[in-house]
There are 2 protein chains.
Amino acid sequence: MPKNLTEQKILDAAHKLFTHKGMNGARMQEIADEAGINKALLHYYFRSKDKLFERIFIESFSQLVPKLNILLDNKKTLDEKIKMFVNEYIIVLQHNSFLPLFILQEIQRDPENLYEKLSSAGFDSKVILNNLQTGMDLPVLQIKNLMINIIGLCVFPFAAKPLLNHVFFDNDEEAYCDFLEERKKSLPEFILNCLKY
Amino acid sequence: MPKNLTEQKILDAAHKLFTHKGMNGARMQEIADEAGINKALLHYYFRSKDKLFERIFIESFSQLVPKLNILLDNKKTLDEKIKMFVNEYIIVLQHNSFLPLFILQEIQRDPENLYEKLSSAGFDSKVILNNLQTGMDLPVLQIKNLMINIIGLCVFPFAAKPLLNHVFFDNDEEAYCDFLEERKKSLPEFILNCLKY
DNA sequence: GTCTATACGCAGATAGAC
DNA sequence: GTCTATCTGCGTATAGAC
């Protein structure tokens, strides 16, 4: 819980603007307006745009990292892992529609920075890959492929949402929500089917 | 073929910078440097940054649109359509690694603008959906789901490339190329498997 | 066509009153 | 803590010489 109300208003406004427009697209003035305060106050609380962005970005992407570790839970079968992972991953994204594109932009803008954050958030791809491999008995490359497929399938409908919603659902927001809701169930089936051959 | 060499050098430079950094991230000075010419010359040839960007963006994304119409070719079976589409789509992306994120950023930055361009490039989702539906006998929602899956699976490895290459291939560029090459074959199988149940 | 020099505006950041 | 006013630098764009 943040110290006071102003700080929280700034964080909320910054979250909205940064996730919608990215680091380069968002303006400090816009953030101040959105928060209903003055530009100078932003700097009083967070010193610089970089620092404010850093704060928002870490808070946002950190929500996703723990979900990856669902794939490590040895008490579950592969089926259960995938179902639970997809479900929880999509739930986070439903509450943060702009997160995927936000992260993708950062992947491009400053990859080195992101690797460090991933590590310090407790992500280790080798552990996950090893774990999956002992449970599945497939070549490593196929496991990598599978992970990329799973994540891509979760992420893409959000990253491309404005376009997909227009093309496939005539910009009907509710229809798109239904579509995502349905997808939480159908996607694990889609993925698991591919593994049965 | 452009009128002269300078114009071509500018277009090449602009293409590189815009696709790597997006409209907001790219700087006119950088583009001029990359082209080995002066900033003023950019404006002499293209008047404004907006106009230059417009030119590059249309040229880039137009390469992808025609590929979507592969799905309309009634001389092919569904299997063949999907195989050919995935293959050709990925080939374009291999020659334009930054295209996916470039387009995703534009989806966010100015969606309205993009819809118009899609239409004028000859894209009509309803025609494609209708065509697929008569061939497949599935509910419309499932067809939409399928299309989103196919495109997402093609696009994601490129949109997230810098991160995926680091996490799964230790930044070995060649390994990542091999992975994409292999994927051109395995992806259609992955998708078609899901449809056989 | 291509350059140098410069105008102009905007965005991030600071100074200082309250 | 919060404001107004202001500085500084950068990025786009233009003027004008060659």
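So you know, we letter chains A, B, ... as the sequences are listed, proteins then strands, and number each from 1.
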Original post:
Can a salt bridge be assigned to the pair B/Glu54 and B/Lys49 using a cut-off of 4.0 Å between side-chain N and carboxylate O?
Top reply: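 No, B/Glu54 and B/Lys49 are not salt-bridged.
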
Original post:
Are B/Asp33 and B/Gln29 close enough that a side-chain donor and a side-chain acceptor fall under 3.5 Å?
Top reply: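 Result is yes, a qualifying pair exists.
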
Original post:
So, B/Glu182 versus A/Asn145: side-chain donor-acceptor pair below 3.5 Å or not?
Top reply: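 Present: a donor and an acceptor within the cut-off.
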
**OP:** Using chain B heavy atoms and a threshold of under 4.0 Å, write down where along DNA chain C the contacts begin and end, 5' to 3'.
**Re:**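 So the outermost contacting nucleotides come out as C/dG1 to C/dT4.
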
Original post:
Does B/Lys21 NZ have over 12 foreign heavy atoms under 6.0 Å away?
Top reply: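 Counting neighbours around NZ of B/Lys21, 12 or fewer heavy atoms of other residues, nucleotides or ligands fall under 6.0 Å, so no.
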
Length of the [atom1]-[atom2] vector between [X] and [N], whole Å:
X       : N      : atom1 : atom2 : answer
B/Gln29 : D/dT14 : CD    : C1'   : 15 Å
B/Leu17 : D/dG11 : CG    : C1'   : 14 Å
B/Phe18 : D/dG11 : CZ    : P     : 13 Å
B/Lys21 : D/dG11 : NZ    : P     : 10 Å

**OP:** Using salt bridge (Lys or Arg N to Asp or Glu O under 4.0 Å) as the criterion, list what pairs up with A/Lys184, not counting sequence neighbours.
**Re:**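 Result, salt bridge (Lys or Arg N to Asp or Glu O under 4.0 Å) vs A/Lys184: A/Glu181.
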
Original post:
Contact class for A/Tyr45 vs. all strands (heavy atom < 4.0 Å): base, sugar-phosphate, or nothing?
Top reply: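 Contact class for A/Tyr45: sugar-phosphate only.
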
Original post:
NA contact type, B/Ala32, heavy-atom cut-off 4.0 Å: base, sugar-phosphate, or nothing?
Top reply: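 No contact.
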
Original post:
Does the pair A/Lys9 and A/Asp12 meet the rule for a salt bridge (Lys or Arg N to Asp or Glu O under 4.0 Å), with working shown?
Top reply: CA-CA 5 Å; A/Lys9 281 194 295 182; A/Asp12 290 345; over 6 Å; no

Sub-3.5 Å pairs of nitrogen or oxygen atoms, protein against nucleotides 6-10 of chain D:
none

